[in-house]
Amino acid sequence: MKIAITSTGNTLESTIDPRFGRCAYYVFYDTETKATEFIPNPNKDAEGGAGPASVQFVASKNVNKIISGEFGMKIKSLLDSLKIQMIVHKEQDKTIQEIIEMLNH
Amino acid sequence: MSPRIKMLRKVLNPPQINGFNPYGSKLGIESRESVNLFYEEYEALRLCDYDGYNHQEASAMMSVSRPTFTRIYASALRKIAKAFVEGKQITIKGGKVYFDSDWYQCHQCRCYFNNPEKDKSIESCPLCGNHQIEKFEYDNSTDENEDELMTELCKCPNCGFEQEHQAKTPCKQLVCKKCHTTFQRNES
């Protein structure tokens, strides 16, 4: 199962990004192979519609879950129809490493 | 000028069927024409007449205004009446809607998550695997805003005395301890 996490940087020590559409990096974590992949967000500086464009980008990677600090109104309905689970994590000082450790409970 | 864009209507339970067929037409040939009932119209009918909510409550559930809800409901009734009288099929599809899912909160890591598949129930937190999860109600989400209000200050317009604002107590009902004038909301 693939999980996307929004990140502020491209290392495991980076913290979770509170925004979904305009986060700096997406971390794709595969629970089976334990592989992580950091991909910069192509819509970071988009004028508008960064959220829906990011949903398309993330969905094209076949993820089942997305972990972020917040999801906007437009995105919630899109992800609902794509049957992707949203996980809202409010603690912004959590690093990607810690999140991945939590996922391996 | 193009009309104003319609707000998305929230649908909690999509219908289990795609429509209705008439039978035993007196005209001999069964009409293949159909009336298209939108999802939001189905939802309005379900909330009002099946679940027994009033328009005010139902409009909040679909996150539209009360007048808009009444228009959706009236349109649903008109379409159904048309189908009944003219012996037409009813198809339920389309509409400006999104399907909302249930939200949960984990007691251990305090994260929120939704259940994208209605058929399966969620028993553990997808993040930390804890089994202590609770269904999250939207009403609770105002707690954060109240916390912010607590730290605001009520200011006396006469002598400038400030005291901490008490949530749910309007400043105008309080009196300054020093000069006994009524407080005003600090608008900074």
Side-chain angles (χ1 to χ4, degrees), chain A residues 1-7 15-20 27-32 48-49 51-52 55 58-59 62-105, chain B residues 5-14 39-40 43 61-64 93-138 140-141 143-145 147-148:
Chain A
M1 183 167 58
K2 272 181 114 178
I3 298 161
I5 309 164
T6 56
S7 165
T15 52
I16 184 166
D17 201 307
R19 299 161 305 168
F20 171 76
V27 186
F28 295 99
Y29 176 68
D30 196 318
T31 47
E32 275 133 42
V55 169
V58 173
N62 291 324
V63 299
N64 304 87
K65 292 175 187 177
I66 299 174
I67 305 172
S68 184
E70 188 70 62
F71 294 93
M73 199 61 217
K74 286 184 199 165
I75 300 174
K76 274 183 181 166
S77 51
L78 267 176
L79 291 176
D80 260 332
S81 53
L82 288 167
K83 296 215 184 295
I84 295 174
Q85 188 176 40
M86 290 168 267
I87 303 170
V88 180
H89 199 78
K90 298 271 186 199
E91 286 168 51
Q92 291 177 18
D93 50 351
K94 274 262 190 295
T95 63
I96 301 301
Q97 181 80 54
E98 283 171 307
I99 299 275
I100 289 173
E101 274 164 21
M102 280 167 90
L103 285 167
N104 290 330
H105 48 261
Chain B
I5 297 163
K6 278 184 184 164
M7 295 284 288
L8 280 173
R9 290 94 162 88
K10 190 158 84 184
V11 173
L12 288 168
N13 288 304
Y39 276 128
E40 67 239 40
E43 178 78 354
M61 285 176 188
M62 286 177 70
S63 55
V64 291
K93 63 178 181 196
K96 185 103 178 168
V97 295
Y98 74 95
F99 299 105
D100 197 32
S101 47
D102 294 331
W103 282 79
Y104 299 86
Q105 187 179 23
C106 172
H107 281 273
Q108 188 175 297
C109 63
R110 312 302 300 169
C111 71
Y112 303 93
F113 52 93
N114 73 333
N115 180 6
E117 294 190 39
K118 277 192 194 299
D119 317 334
K120 290 183 219 156
S121 64
I122 286 191
E123 266 137 35
S124 64
C125 171
L127 193 58
C128 65
N130 195 291
H131 289 281
Q132 284 191 309
I133 55 168
E134 186 185 34
K135 197 162 175 192
F136 179 71
E137 301 293 339
Y138 281 99
N140 300 349
S141 60
D143 288 358
E144 268 182 330
N145 299 336
D147 286 347
E148 278 173 22

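Per chain, numbering begins at 1; letters A, B, ... match sequence-line order.
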May I ask you to name which of Leu79(A), Ile99(A), Val88(A), Ile87(A) has the most heavy-atom pairs under 4.5 Å with chain B?
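Result: the option with the highest number of such pairs is Val88(A).
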
Atom pair CE (Met102(A)) and SG (Cys111(B)), whose distance is rounded to the nearest 0.5 Å:
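Separation between the atoms: 6.5 Å.
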
Could you state the interatomic distance from NE2 (His89(A)) to CZ (Phe113(B)), rounded to the nearest 0.5 Å?
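Result: 12.5 Å between the selected atoms.
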
Atom group of Ile67(A) that falls short of 4.5 Å from chain B, counting heavy atoms
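Contact with chain B involves the side chain of Ile67(A) alone.
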
Let me know if Glu101(A) has heavy atoms under 4.5 Å from chain B in its side chain, its backbone, both or neither.
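Contact with chain B is absent: no heavy atom of Glu101(A) under 4.5 Å.
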
At a 4.5 Å cut-off on heavy atoms, which part of Cys106(B) comes close to chain A: side chain, backbone, both, or neither?
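Neither part.
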
Are any non-hydrogen side-chain atoms of Tyr112(B) and Lys90(A) less than 4.5 angstrom apart?
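Touching, per the 4.5 Å side-chain cut-off.
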
Looking at Met86(A), is its backbone amide N or carbonyl O close enough to the side chain of Asn114(B) to form a donor-acceptor pair, meaning the two atoms are under 3.5 Å apart?
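Checking the backbone N and O of Met86(A) against the side chain of Asn114(B), a donor-acceptor pair under 3.5 Å is found.
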
